[in-house]
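In the text below, chain A, chain B and the rest are named by the order of the sequence lines, each starting its count at 1. All values derive from a computational prediction rather than experimental measurement.
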Amino acid sequence: MSASFTTATGADVRVRFCPSPTGTPHVGLIRTALFNWAYARHTGGKLIFRIEDTDAARDSEESYAQIIDALRWLRLDWDEGVEVGGPNGPYRQSQRSDVYAGIIEQLKDRGLLYESYVTGEEMEARNVANGRDPKQGYDNFERELTAEQRAAFKAEGRQPALRLRVPDRDLSFDDLVRGPITFPQGSFSDFVVVRPNGIPLYTFVNPVDDALMGITHVLRGEDILSSTPRQIALYEALVEIGVATFIPRFGHLPYVMGEGNKKLSKRDPESNLFHHRANGFIPEGLVNYLALLGWSLTNDRDVFSLDEMVAAFDVVDVNPNPARFDHKKAESINGDHIRLLEADDFATRLVPYLTDYIADPPTPEQQEVLTAAAPLVQERMQLLGEAPGMLGFLFTSDDELQYDDDALKTLGETSGDVLRASLAALGGLGDWTRESIEAALRVALIDGLGLKPRVAFGPLRVAVSGRRVSPPLFESMEILGRESSIARLEKLAARS
RNA sequence: GGCCCCAUCGUAUAGCGGCCUAGUACGCUGCCCUCUCACGGCGGUAACACCGGUUCGAAUCCGGUUGGGGUCACCA
């Protein structure tokens, strides 16, 4: 590649995110969006959001809506593109056919694109006839077809595909995350950019749109690394006809892998961004974890905000090795972010996960309980999806409260005595507060019955929550109220 | 198979020639705190794939080997 093309830097940075709307958003895709976004924000540049919907058979509006949903949920905004518009629209490739048609004509007139009539079967036969591997691929043999030959094919009713004449030399570029990469001449042959029906392929529209939109840095998945020299060849052609004035820099981000050594597949639920949202990831936590897949803030801290990421992010610091998605680590990071939330904010975010128990929005009574109980569980949660298990008992009537089997198993010989002694101690209690409840129970059970705390309070926990583990007992009883607490102790005492 | 990429504890990473008897986090684990579970605190476990070079000195640079991954479509 010529060294004479200039590339923009600093505030002139223009990066893009250009997914195909097929299927539900993948964590790898979103990680790519995040890095592009962070780079734009860090440099004061622009993020362009374009949709590559040139495959009518696989693209869907539902998928498009999901990608928008995902970006907005994670608070990744864009400066130009679908939904927001901009000077380089339209931003959906399905609406840009006219743009492509003009460029195809110019390229063809210059001889940079040429007609190719050979079919796949014919090419295989040709390779066999020439003693080559049948799968060897195209050998550029139609570069110099004469007008007569072309006319003959057309007379047969054949329509040509258009191939790009690739330069007969090595193609190199300096990858932002991997350094210099060279593809030797002959690594690939002239490739099809326009189908016989006139519809251009991804290999064409992607670089063309990048050029037209002034993209300076192409940050994308590693899977496209090997087609980068092809794109550079196209770019050189675009420069020749004046459509592009420079070749962008490329940076290939590492894969996001699943268990073992396989790329996180679309079938794998871990790959589905919304699966994580449904489980109770908060955007702060998920985006933080995604950032850690190939990048780090400092050597001794991995919990940080988007703002902190923006201040520090640079593509050149991205690690080239593939990263495994570790849900344990992801959940731990999420738990840290949950703990960072303001109490009211946290309580509000719990609501959608508690719809089996409360209304959305909650009734005033439910809101009161939720506000009181949220701080008790904020430091014990990694995922908001744990809320029903931890708090459900507070929104269940005394009659309907169920006991978990493993909770009942912890009940022993003394459980009945503990419950009866507790009822006696609590019966005449004046104030119903965490402190008064605890004081009365300690006197009755620890001092009175001589029990160890964990033995004494276990049965009460089961009676109140129906579970073996629960939020702190005395606080739970205070929130539940005197009447309900006593009813629950009596209910369990009756069966002990 | 051709071409390309990658290679530090189980995982994610720090390290960009001496600060490294390799740091941090998750995980696992011991102890403390403690009404359960968590949170928090203090410990422990565990890695430079291999072989050659370059250098006074290499996890760091170079070459090779091995291993992994990707890509070779008229899909994107």
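As a whole-Å value, the separation of A/D336 CG from B/rA38 P is 15 Å. Here the P atom of nucleotide B/rG1 and the CZ atom of A/F188 are 22 Å apart, to the nearest Å. Spacing between atom CD of A/E222 and atom P of B/rA76 amounts to 21 Å, rounded to whole angstrom units. Separating the CD atom of A/E115 from the C1' atom of B/rC74 is a distance of 14 Å, rounded to the nearest angstrom. Computed from coordinates, the A/H337 NE2 to B/rC39 P distance equals 16 Å when rounded to whole Å. Distance CG (A/L253) to C1' (B/rG69): 16 Å, rounded to an integer number of Å. Straight-line distance from the CG atom of A/N288 to the P atom of B/rC26: 13 Å, rounded to whole Å. The nearest whole Å value for the distance from the CG atom in A/L297 to the P atom in B/rU13 is 14 Å.
A/S227 comes within 4.0 angstrom of nothing in the nucleic acid, heavy atoms only. A/P320 comes within 4.0 angstrom of the backbone, heavy atoms only, and of no base. In this structure, A/G335 reaches neither bases nor backbone, as no heavy-atom distance under 4.0 Å exists between it and the strands shown. As judged by a 4.0 angstrom heavy-atom cut-off over every strand, A/T54 is placed among residues touching the sugar-phosphate backbone only. Nucleic acid contact class of A/P19 (heavy atoms, under 4.0 Å, all strands): none. Contact annotation for A/I181: backbone-only contact, meaning every heavy-atom pair under 4.0 Å involves sugar-phosphate atoms and none involves a base. Within the 4.0 angstrom heavy-atom criterion, no nucleotide atom of any strand lies near A/Q159. Residue contacts for A/R467: at a heavy-atom cut-off of 4.0 Å it reaches no nucleic acid atom on any strand shown. Contact annotation for A/L293: backbone-only contact, meaning every heavy-atom pair under 4.0 Å involves sugar-phosphate atoms and none involves a base.
Residue A/R195 places at least one side-chain N or O under 4.0 Å from the OP1 or OP2 atom of B/rA76. Contact annotation: A/R468 does not reach the phosphate of B/rU36 (side-chain N/O to OP1 or OP2, under 4.0 Å). The phosphate of B/rA14 has OP1 or OP2 within less than 4.0 Å of a side-chain N or O from A/N319. Phosphate proximity of B/rG23 to A/N299: absent, as no side-chain N or O sits under 4.0 Å from OP1 or OP2. Residue A/N321 places at least one side-chain N or O closer than 4.0 Å to OP1 or OP2 of B/rU8. Contact check, A/S296 against B/rA14: a side-chain N or O comes under 4.0 Å of OP1 or OP2. Residue A/R442 places at least one side-chain N or O under 4.0 Å from the OP1 or OP2 atom of B/rC35.
Comparing B/rC20 with B/rU65, their P atoms are spaced 35 Å from each other, to the whole Å. Look at the C1' atom in both B/rC9 and B/rG23: the space between them is 12 Å, to the nearest Å. A gap of 24 Å separates the P atoms of B/rC37 and B/rA25, to the nearest Å.
Which of B/rU71, B/rC4, B/rA76 sits closest to the side chain of A/S226 comes down to B/rU71.
One N or O donor and one acceptor, one from the side chain of A/K329 and one from the base of B/rA25, sit under 3.5 Å apart. Under 3.5 Å, the side chain of A/R454 and the base of B/rC35 form no donor-acceptor pair of N or O atoms. The base of B/rC5 lies outside donor-acceptor range of the side chain of A/R178, with no N or O pair under 3.5 Å.
Sorted by first and then second residue, the ring-ring contact (aromatic ring centres under 6.0 Å, His included) pairs with a member in residues 373-395 of chain A form an empty list; sequence neighbours excluded.
Ring pair A/F191/A/F188 is perpendicular by interplanar angle, where above 60° counts as perpendicular and below 30° as parallel. Between A/F304 and A/W295, the ring planes lie perpendicular to each other; the angle is over 60°, past the 30° to 60° tilted range.
Using a 4.0 Å cut-off between charged side-chain N and carboxylate O, A/D404 and A/R468 make no salt bridge.
Side-chain contact of A/S94 with A/D53: a donor-acceptor pair under 3.5 Å is present, judged by distance alone.
For the pair A/R31 and A/F325, the cation does not sit on the ring face, since its NZ or CZ is not both under 6.0 Å from the ring centre and inside 45° of the axis.
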